[in-house]
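Structure record follows, encoded as structure tokens.
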Amino acid sequence: MHEFQKIHYVLLKQHGPQRWWPLNGKYTGKSRLSDEEKFEICVGAILTQNTSWKNVEKALCNLQKAELLKCEKIANSKREVIAALIRPTGYFNQKAKKLQLFSVHVQKRGLQAMFNQPLQKLREELLSLWGIGPETADSIILYAAQKPIFVIDAYTRRIFSRLGYCREDCVYDDLQRLLMASLPMDVKLFKEYHALIVEHAKVCCTKNNVLSDKCILKVHNLNSHNPNKIKCLPNS
DNA sequence: CGCCAGGGCCTCA
DNA sequence: TGAGGCCATGGC
């Protein structure tokens with residue numbers, strides 16, 4: 001078994017199934033999603049940019065209560081109305097713009113038509129939108145469109161850099177290629193793996209806490225990887 | 001008070 | 001391409 005699969009197994013054993021993506025506060029982990037649910041995931045993916053999920057939940061709740069958590073509603077509302085509702089997530093002016101540009105695009109394009117494309121086509125289309133970067137695009141692809149791609153975020157970089165596989169400031173696509181090269185293209189695996197990374201980072205791999213002794217990855221000696229053996233990700 | 005949180009865009013060299 | 005500034009709230 002490759003080490004990346006072993007790490008997933010160990011994290012799963014410690015933290016249990018995460019059942020992402022959370023939908024209106026609940027973790028169901030279901031794979032059949034309505035268009036409304038898919039859209040809600042997209043909204044959450046945008047709102048959680050550099051923001052704790054707690055604050056995103058408040059914003060989603062506000063949108064829900066105002067009955068604006070729908071593509072057409074967000075697309076046709078006033079910018080200030082959206083901004084006020086998503087205020088708890090911070091960057092509310094920018095994010096209101098991002099949500100509206102995304103919603104207008106989806107409205108014109110059609111969610112199904114977009115998501116039915118091959119993965120790379122979908123990724124290019126998402127990345128062409130203002131406000132959608134690689135992590136947000138990949139979160140949408142994996143959790144909303146349910147196509148196999150590994151989401152890289154600050155937690156992923158932190159954990160895998162501390163395990164010796166990359167630099168903490170490594171290039172997004174480089175780390176993504178490294179991880180995906182040794183894992184089966186499995187949507188459920190990628191969903192759970194990413195969720196487990198987030199959970200693990202929150203619980204015992206925080207910024208100021210470098211692989212503590214209670215960290216299961218350290219216990220299993222999975223941090224013995226030598227970056228000189230397998231080529232450390234080039235940053236330049 | 002400071003740091004951090006499931007980033008991304010813009011500018012400038 | 002890369003470093004640095006900017007966006008901004010809430011929890012601890």
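Since the structure is predicted, the reported quantities are computational estimates derived from the model, not experimental observations. Here is how names work: the chains are called A, B, and so on, in the same order as the sequence lines, proteins then strands, and each is numbered from 1.
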Inset, instruction - Could you check how far CG of Leu85(A) sits from C1' of dT9(C), rounded to whole Å? - result: 15 Å
Inset, instruction - Write down the distance between CD1 (Ile46(A)) and C1' (dG7(B)), rounded to a whole number of angstrom. - result: 12 Å
Legend entry - Interatomic distance, Leu99(A) CG vs dC9(B) P [rounded to whole Å]: 14 Å
Inset, instruction - Consider the side chain of Trp130(A), meaning its heavy atoms from C-beta on, and name the nucleotide among dC10(B), dA3(C), dA8(C) that approaches it most closely. - result: dC10(B)
Inset, instruction - Measure the distance from CD1 on Ile86(A) to C1' on dT9(C) and round it to the nearest whole Å. - result: 11 Å
Inset, instruction - Could you tell me whether Ile132(A) contacts a base, only the sugar-phosphate backbone, or nothing, with contacts defined as non-hydrogen atoms closer than 4.0 Å? - result: sugar-phosphate
Inset, instruction - Could you say whether Gly131(A) or Lys202(A) is positioned toward the 5' end of DNA chain B, judged by the nucleotide with the nearest heavy atom to each? - result: Lys202(A)
Inset, instruction - Among dG7(B), dC9(B), dT9(C), find the nucleotide with the atom closest to the side chain of Arg87(A). - result: dT9(C)
Inset, instruction - Assign each of Leu129(A) and Ser52(A) to its nearest nucleotide of DNA chain B by heavy atoms, then name whichever residue's nucleotide is nearer the 5' end. - result: Ser52(A)
Legend entry - Any side-chain donor near an acceptor of the partner, Gln112(A) and Asp35(A), under 3.5 Å: yes
Inset, instruction - Could you measure between the two P atoms, the one in dC3(B) and the one in dG5(C), and give it in whole Å? - result: 15 Å
Inset, instruction - On DNA chain C, check which nucleotide each of Thr89(A) and Lys54(A) is closest to and give me the residue with the more 5' one. - result: Thr89(A)
Legend entry - Interatomic distance where OH belongs to Tyr91(A) and P belongs to dG7(B) [whole Å]: 9 Å
Legend entry - Interatomic distance at P, dC10(B) relative to dA8(C), whole Å: 14 Å
Legend entry - Length of the line joining Trp53(A):CH2 and dA5(B):C1', which is rounded to integer Å: 13 Å
Inset, instruction - Verify the contact: side-chain N or O of Asn50(A) to OP1 or OP2 of dG8(B), cut-off strictly under 4.0 Å; return yes or no. - result: no
Inset, instruction - Report the distance from atom CD of Glu135(A) to atom P of dG7(B), rounded to the nearest whole Å. - result: 5 Å
Inset, instruction - Look at all strands and tell whether Gln94(A) reaches a base, only sugar-phosphate, or nothing, counting heavy atoms closer than 4.0 Å. - result: base
Inset, instruction - Could you let me know what dG7(B) is paired to, Watson-Crick or G-U wobble, both distances under 3.5 Å, or none if it's on its own? - result: dC7(C)
Inset, instruction - Can you figure out which of dA5(B), dG10(C), dC10(B) approaches the side chain of Arg158(A) most closely? - result: dA5(B)
Inset, instruction - Using a heavy-atom cut-off of under 4.0 Å over every strand shown, decide if Gly133(A) touches base, sugar-phosphate, or nothing. - result: sugar-phosphate
Inset, instruction - Hey, can you tell me if Tyr193(A) and Phe150(A) have their rings parallel, tilted or perpendicular (30° and 60° cut-offs)? - result: perpendicular
Inset, instruction - Examine the side chains of Gln146(A) and Lys38(A) and answer whether a donor and an acceptor come within less than 3.5 Å of each other. - result: no
Legend entry - Minimum-distance nucleotide (side-chain atoms of Thr136(A) versus dA8(C), dG7(B), dC4(B)): dG7(B)
Inset, instruction - Specify the separation, in whole Å, of atom NE2 of His200(A) and atom P of dA5(B). - result: 15 Å
Inset, instruction - Compare all side-chain heavy atoms of Asp186(A) with those of Pro148(A) and state whether any distance is below 4.5 angstrom. - result: no
Inset, instruction - Would you please confirm or rule out a distance under 4.0 Å between OP1 or OP2 of dC9(B) and any side-chain N or O of Lys95(A)? - result: no
Inset, instruction - Tell me which nucleotide among dC7(C), dG10(C), dC4(B) gets nearest to the side chain of Asn55(A). - result: dG10(C)
Inset, instruction - Flag the pair Arg162(A) and Glu168(A) as a salt bridge only when some basic side-chain nitrogen lies within less than 4.0 angstrom of an acidic carboxylate oxygen. - result: no
Legend entry - Among Lys202(A), Glu199(A), His200(A), side-chain hydrogen bond (donor to acceptor under 3.5 Å, both in side chains) partner for His15(A): His200(A)
